Trainee: 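Here you go, one structure.
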Number of protein chains: 2
Amino acid sequence: MRRRGEELERAILDAAAQELRESGYAGMTMDRVAARAGTNKNAIYRRWPHRAALGVAAYRQLSDDVMPQPDTGTLRGDALELLRRANETWSSPHGVILRALLAAAADEPELLTLMRAPSGADTMDRAWLSVLERAAGRGEAPAAAVHQRVASTPIMLLRAEYATRGVPSVPDGILAEIVDEVFLPLVRGRA
Amino acid sequence: MRRRGEELERAILDAAAQELRESGYAGMTMDRVAARAGTNKNAIYRRWPHRAALGVAAYRQLSDDVMPQPDTGTLRGDALELLRRANETWSSPHGVILRALLAAAADEPELLTLMRAPSGADTMDRAWLSVLERAAGRGEAPAAAVHQRVASTPIMLLRAEYATRGVPSVPDGILAEIVDEVFLPLVRGRA
DNA sequence: ACAATAGGGTACGACCCGTACCCTATAAGG
DNA sequence: CCTTATAGGGTACGGGTCGTACCCTATTGT
């Protein structure tokens, strides 16, 4: 009863994901993945060329969370809510792994493109855009502010916050500052 | 004639910096640094605990460029100029090394704080603040917009651009977009 | 002159990646 | 049903790296 193809691939991915969970990307070594999957590195390298490629694939197993739309009735409330959720995601164990992967793949462009989807960048952007659209519908924001780059700004700032500080989690005050000092003035102008 | 203390330390740092220049951070191996400095790893590890620590210290040798104040007469011109310079810095060989170091030190908070200074974050922030202050003096910006977080936003966005795309350099159109769609509306509101 | 210190030389253990080789179970095809 | 190509399993290895240990020697300062 020797596993093959699909089944074996699943087993490898599960093992890699488990290693990621337990030891992070730095601890996800090929030998350990092979051992845990009950196979050998041969079968792994036949499928993924690098350790990093396996890491990305395994991370994908790990994260398939959807980002539900918040609807607090105000632009500020929606924005703060989205930012808080993003902060939770990034500071969670998943986020730690994700950041390690991003860091490790910093100089391999192909891996970065692979990372884009699982990092939730697209669904995230859509969520922010729809928050902006609803605000525009309520008259809380001008139509000109419904813009891709405006929508992505708060997340970019949060991400940069993680990159510059080494903190495990960004304090809530910073989130509020991003919303009140950047996002809201950007959308509505300064009152 | 055996070198000691200050002199030896200089030689090690110079060797490390040279290795960084030639082979990047990944290629800056301890053995090679020791060989190039004409010493051995002993002397290195007596001074720096990690490879990463030596990398940071060596990078400091490499980059002591000042950021001269642009003064184009308009807020938009100043901002675009600062952003272009930052883009050049980040896309230069130095920038590549810097990014590799930042990535490598992503999970060691002490190293991140060490990186803050050489990454030019402080001088950069001051430059942006003074641009904002001059704009306020000309009546081009409200006093409320002279704010730390406003000042740091464009650089944060540029940095995030480097992080998400794997590009060696951010195209000028993106810089203009950051200025026109985010920075200027943020400072002056939407006309 | 002599002891404490710091460098130099070298070797080593531990770890990891990626590859090679050889054997065997399985699946497909005649 | 038998044969053959394929893919897994086991294992070992080369190459490279980090960080440490040991022992000897030059230099410094007392």
Side-chain angles (χ1 to χ4, degrees), chain A residues 1-20 22-59 97 100-101 103-108 110-111 114, chain B residues 1-20 22-59 97 100-101 103-108 110-111 114:
Chain A
M1 48 144 208
R2 182 182 271 180
R3 293 162 306 176
R4 309 189 73 121
E6 182 77 14
E7 187 187 358
L8 181 57
E9 188 157 332
R10 263 271 184 285
I12 294 172
L13 280 177
D14 284 350
Q18 197 61 27
E19 285 295 326
L20 275 185
E22 290 179 8
S23 323
Y25 178 64
M28 187 203 81
T29 168
M30 297 306 254
D31 294 88
R32 295 183 63 183
V33 170
R36 166 166 270 171
T39 179
N40 56 2
K41 294 192 289 182
N42 241 335
I44 301 180
Y45 279 104
R46 210 169 280 147
R47 291 172 169 79
W48 296 274
H50 309 299
R51 188 174 82 99
L54 175 62
V56 173
Y59 179 78
I97 295 170
L101 276 174
D107 45 351
E108 271 153 306
E110 31 155 351
L111 292 181
L114 282 180
Chain B
M1 48 143 206
R2 182 182 272 181
R3 294 162 305 176
R4 316 193 115 217
E6 183 78 14
E7 187 188 357
L8 182 57
E9 187 156 333
R10 263 268 183 288
I12 294 173
L13 279 177
D14 284 350
Q18 198 61 28
E19 286 294 326
L20 274 187
E22 291 179 7
S23 322
Y25 178 63
M28 188 204 80
T29 170
M30 299 303 256
D31 293 87
R32 296 183 63 183
V33 170
R36 165 166 270 170
T39 181
N40 57 3
K41 292 192 290 182
N42 241 337
I44 301 180
Y45 279 105
R46 210 169 279 145
R47 291 173 169 78
W48 296 273
H50 310 299
R51 189 174 82 100
L54 175 61
V56 172
Y59 180 80
I97 294 169
L101 276 173
D107 47 350
E108 269 151 309
E110 30 154 352
L111 291 181
L114 282 179

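Proteins come first, then strands; the chains are lettered A, B, ... in the order of their sequence lines, and each starts at number 1. All values reported here derive from a predicted model rather than from experimental measurement.
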Trainee: I'd like to know if B:N40 reaches the base of C:dG7 with its side chain such that a donor and an acceptor end up less than 3.5 angstrom apart.
Mentor: no
Trainee: Is a side-chain donor or acceptor of B:R36 paired with a backbone partner of B:D14 at a separation under 3.5 angstrom?
Mentor: no
Trainee: Measuring from A:D31:CG to A:N40:CG, what's the distance to the nearest 0.5 Å?
Mentor: 10.0 Å
Trainee: May I ask you to say what A:R32 touches in the nucleic acid, namely base, sugar-phosphate or nothing, with a heavy-atom cut-off under 4.0 Å?
Mentor: nothing
Trainee: Classify the nucleic acid contact of B:R4 as base, sugar-phosphate or nothing, counting any heavy atom under 4.0 Å across all strands shown.
Mentor: base
Trainee: Measure from the side chain of B:M30, starting at C-beta and using heavy atoms only, and say which of C:dG9, C:dC17, D:dC18 lies closest.
Mentor: D:dC18
Trainee: Please state how far atom CG in A:L54 lies from atom P in C:dG18, giving the value in whole angstrom units.
Mentor: 10 Å
Trainee: Round to a whole Å and report the spacing from OH of B:Y45 to P of C:dA11.
Mentor: 18 Å
Trainee: From the set D:dG19, D:dG8, C:dA6, return the single nucleotide nearest to any side-chain atom of A:R2.
Mentor: D:dG8
Trainee: Tell me whether A:R3 contacts the main-chain N or O of A:A11 through its side chain, where contact means a donor paired with an acceptor under 3.5 Å.
Mentor: no
Trainee: For B:R3, which contact category applies under a 4.0 Å heavy-atom criterion: base, sugar-phosphate, or nothing?
Mentor: sugar-phosphate
Trainee: What is the distance from CG of B:D31 to P of C:dT10, rounded to the nearest Å?
Mentor: 13 Å
Trainee: Give the rounded distance in Å between these two atoms: CD of B:E6 and P of C:dG7.
Mentor: 12 Å
Trainee: Send over the distance from A:R46 CZ to D:dA5 P, rounded to a whole Å.
Mentor: 17 Å
Trainee: Using atom types as modelled and distance alone, determine if a side-chain donor or acceptor of B:R51 lies under 3.5 Å from a backbone N or O of B:M28.
Mentor: yes
Trainee: Using only side-chain N and O atoms of B:T29, determine if any of them is under 4.0 Å from OP1 or OP2 of D:dG16.
Mentor: no
Trainee: Give the nucleotide from the list D:dG8, C:dG18, D:dT20 with an atom nearest to the side chain of B:K41.
Mentor: D:dT20
Trainee: Between C1' on D:dC18 and CD1 on B:I44, what's the gap in Å once rounded to a whole number?
Mentor: 12 Å
Trainee: Let me know the distance between CG of A:L8 and C1' of C:dA25, rounded to the nearest Å.
Mentor: 13 Å
Trainee: Give a yes or no answer on whether the side chain of A:R47 reaches the backbone of A:A43 with a donor-acceptor pair at less than 3.5 Å.
Mentor: yes
Trainee: Taking atom P of D:dA21 as reference, at what distance in whole Å does atom CG of B:N42 sit?
Mentor: 10 Å
